[in-house]
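Report on the structure given below.
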Amino acid sequence: MTEIAPLARPRTRKPDWIRVKAPTSTGFAETKALMRRLNLATVCEEAACPNIGECWTKKHATVMILGDTCTRACAFCNVKTGMPRAVDPLEPQHVADAAAELGLEHIVITSVDRDDLPDGGARQFVKVIEALRRTTPATTIEILTPDFRNKHEAAVEAIVAARPDVYNHNLETVPRLYPTIRPGARYYASLRLLESVKRLDPSIFTKSGIMLGLGEERLEVHQVMDDMRSADIDFLTMGQYLQPTPRHAKVAEFVTPQAFGAYAQIARAKGFLLVASSPLTRSSYHAGDDFAKLRAAREMQLAAGRPA
């Protein structure tokens, strides 16, 4: 089994492998104009994703529903915190209109945490899925939900009944770092959420991701992989944590591309259907291409006589 080198000393400058070009293309400008016209927020902008130039140039955008203000303040996240506005009843159709205008074959829908809502915002996810099915029925749908703290059973049941193609919920980091990095969440509650999706509908692909470079240890990452497989998660993403502003958690290490590759090799050996692991990997990066790979992997699994 490939060994991963010990953690390097912290670095303050971004290494060459994490640098990206500033977005300047016509496609980028057109995607941005469409999001503004339809009054839609995107996690690409709000979370300061480094891949926004590449994705928006291709007219791929990850829509963030339920507004742009989160009820939590995670140490890694650039989305603003505060009291959110009322849920927009026009938002589901606006998302569907955006998918139609962009010609999306695959769309990723995420949201802020809405602990202020009785259902955590689950009903809005359902309405978005329904609007997409009506407007662009050929578009496959991937959702990236919050943990629906203290209400996840009913919330997950409602969303699973709407039958998205992929259900993603990110664990974000190793359990030891939750108190400082993700203090409003609970590691095992997030695992149970994803486990519930598979129990309710085994045909839905499940997906989760973690960030590296926050101070996690190699064996802790291996344990997260094992926990995910115990929850029957199909798809693992791993990417480099980048500090959005000086007030956010500091980068403990810039993990090398070679180390990301070694982690991917280990993850595949543990039985994930698909693994995406690189410094610039993010939950929705190349999501459409990855969905096609997921389907192909499941078909190969079934052809080999193994359970899906």
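By convention here, the first residue in the shown sequence is residue 1. Reckoned from all heavy atoms, side chains included, excluding hydrogens, waters and symmetry mates.
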**Report entry** Transitive ILVMFWY side-chain link L194 to L144, under 4.5 Å
**Finding:** no
Query raised in the report: Is there a donor-acceptor pair closer than 3.5 Å between any side-chain N or O of K198 and the backbone N or O of F205?
Result: no
Query - Shortest non-hydrogen separation from A75 to Y241 and the atoms involved - result: O-OH, 3.9 Å
Requested in this report: Give the other cluster members for V108, using side-chain heavy-atom distances under 4.5 Å between Ile, Leu, Val, Met, Phe, Trp and Tyr residues; answer none if it is isolated.
Outcome: none
Check residues 86-99 and write down every donor-acceptor pair under 3.5 Å in which the side-chain atom is one partner and the other belongs to a residue at least two apart or another chain.
| from | atom 1 | to | atom 2 | distance (Å) |
| --- | --- | --- | --- | --- |
| D88 | OD1 | L90 | N | 2.9 |
| E91 | OE1 | L66 | N | 3.0 |
| E91 | OE1 | Q124 | NE2 | 2.9 |
| E91 | OE2 | L66 | N | 3.1 |
| Q93 | NE2 | D97 | OD1 | 3.0 |
| Q93 | NE2 | T135 | OG1 | 3.1 |
| H94 | ND1 | L38 | O | 3.0 |

Report task. Indicate, with yes or no, if F260 and L214 share a hydrophobic cluster defined by side-chain heavy-atom contacts under 4.5 Å among Ile, Leu, Val, Met, Phe, Trp and Tyr. Result -> yes
Requested in this report: Please determine if K151 and D119 form a salt bridge, counting it only when a charged side-chain N lies under 4.0 Å from a carboxylate O.
Outcome: no
Report task. Determine, using the 4.5 Å side-chain heavy-atom cutoff (strictly less than), whether F291 and I233 are members of one ILVMFWY cluster. Result -> no
**Report entry** Check ion pair D116-R114 (N to O, under 4.0 angstrom)
**Finding:** yes
Query raised in the report: Are any of the side-chain nitrogens in E153 or R199 under 4.0 Å away from the carboxylate oxygens of its partner?
Result: yes
Query raised in the report: Which pair of heavy atoms, one from V156 and one from S196, lies closest together, and at what distance?
Result: CG1-CB, 4.3 Å
Query raised in the report: Is there a donor-acceptor pair under 3.5 Å between the side chain of S190 and the backbone N or O of L171?
Result: no
Query raised in the report: Does a side-chain N-to-carboxylate-O contact under 4.0 Å join R295 and D165?
Result: no
**Report entry** Q240 and V251, any side-chain heavy atoms less than 4.5 Å apart
**Finding:** yes
Query raised in the report: Is the CD atom of E105 crowded by more than 12 outside heavy atoms at less than 6.0 Å?
Result: no
**Report entry** D201-Y167 side chain donor-acceptor pair, cut-off 3.5 Å
**Finding:** no
Requested in this report: May I have the step-by-step check of side chain to side chain contact (heavy atoms under 4.5 Å, CB included) for R85 and D68, ending in yes or no?
Outcome: CA-CA 9 Å; R85 291 173 292 180; D68 61 0; 3.9 Å; yes
Requested in this report: Check whether L236 and L294 end up in the same hydrophobic cluster, where Ile, Leu, Val, Met, Phe, Trp and Tyr are linked by side-chain heavy atoms less than 4.5 Å apart.
Outcome: no
